[in-house]
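Just so it is clear, the values below take in all heavy atoms, side chains as well, and ignore hydrogens, waters and symmetry mates. Sequential numbering from 1 along the given sequence is applied to the chain's residues.
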Amino acid sequence: MDNFYKGFEGYPEIDFYTYINGEKTGIEMWEGYFDSIMNELSPVDGRWVSLAYYYHHLYEGWYDESPWVIPDNKKALEQFETIDIKILDNVTQEVMMKLIKLLKDNLDSEMFIEYS
């Protein structure tokens, strides 16, 4: 697992992962990086969709039920790809690129978000 949580121990952590050959593979991150990414998403035709729907509208999902299965990896990927990465700081850019790669490489796999 790529670790972007080191140095933030004691603060909320978000993990994105899947299992490859029985091994947990993904990204561990400080919640602040995830919040920065999610705050760059915009409504589509006036409505929140995909992960932004759970984050901005329902305030549930991985916060209530952890680990939580991403309902549609392709839609989550498409949503992340709309973000202008240059707006993010360097570490958040790296997290964003790793999230996109993780989703691209595992579109047909069960992908989890875990909040702790």
Mind checking whether F4 and T92 have side chains closer than 4.5 Å, heavy atoms only? no
Return yes when atom CG of D108 has more than 12 non-hydrogen atoms of other residues, nucleotides or ligands closer than 6.0 Å, and no otherwise. no
Who passes side-chain contact (heavy atoms from CB on, under 4.5 Å) against K6, sequence neighbours left out? N3, E9
Non-neighbouring partners of E110 that pass salt bridge (Lys or Arg N to Asp or Glu O under 4.0 Å), sequence neighbours left out: none
Report yes if the side chains of K104 and E81 come closer than 4.5 Å at any heavy-atom pair, otherwise no. yes
Residue M97 excluded, over 12 heavy atoms near CE under 6.0 Å: no
Among all residues two or more places apart in sequence or in another chain, which pass the side-chain contact (heavy atoms from CB on, under 4.5 Å) test with E40? I83, I87, L88
Can you sort out the partners of E114 under side-chain hydrogen bond (donor to acceptor under 3.5 Å, both in side chains), two or more places apart, ordered by chain and number? Y17
What residues form a side-chain contact (heavy atoms from CB on, under 4.5 Å) with P43, not counting sequence neighbours? W48
Shortest non-hydrogen pair, A52 vs L41, comes out as CB-CD1, 3.9 Å
Identify every side-chain donor-acceptor pair in residues 70-78 under 3.5 Å, counting partners at least two apart or on other chains, and give the distances.
from	atom 1	to	atom 2	distance (Å)
D72	OD1	K74	N	3.0
D72	OD1	K75	N	3.0
N73	ND2	N106	O	3.2
N73	ND2	L107	O	3.3
N73	ND2	S109	O	2.7

I'd like to check the ring pair (Phe, Tyr, Trp, His ring centres under 6.0 Å) partners of F16; sequence neighbours left out, ordered by chain and number. F34
Under the salt bridge (Lys or Arg N to Asp or Glu O under 4.0 Å) rule, collect the residues that match up with D105, sequence neighbours excluded. K101
Measure up the Y19 and F112 rings against each other and bin them: parallel (under 30°), tilted (30 to 60°), perpendicular (over 60°). perpendicular
Any side-chain heavy-atom pair from E28 and E13 closer than 4.5 angstrom? yes
Note, L51 side chain near I113 side chain (heavy atom, < 4.5 Å): yes
By the salt bridge (Lys or Arg N to Asp or Glu O under 4.0 Å) test, which pairs, at least two apart or in different chains, include something from residues 87-100? D2-K98
State which residues pass side-chain hydrogen bond (donor to acceptor under 3.5 Å, both in side chains) with Y5; sequence neighbours excluded, sorted by chain then number. none
Do the side chains of V69 and I27 join up, straight or via other hydrophobic residues, at under 4.5 Å, putting them in one cluster? no
By the rule that ILVMFWY residues connect when side-chain heavy atoms come within less than 4.5 angstrom, directly or transitively, which residues belong alongside V44? V49
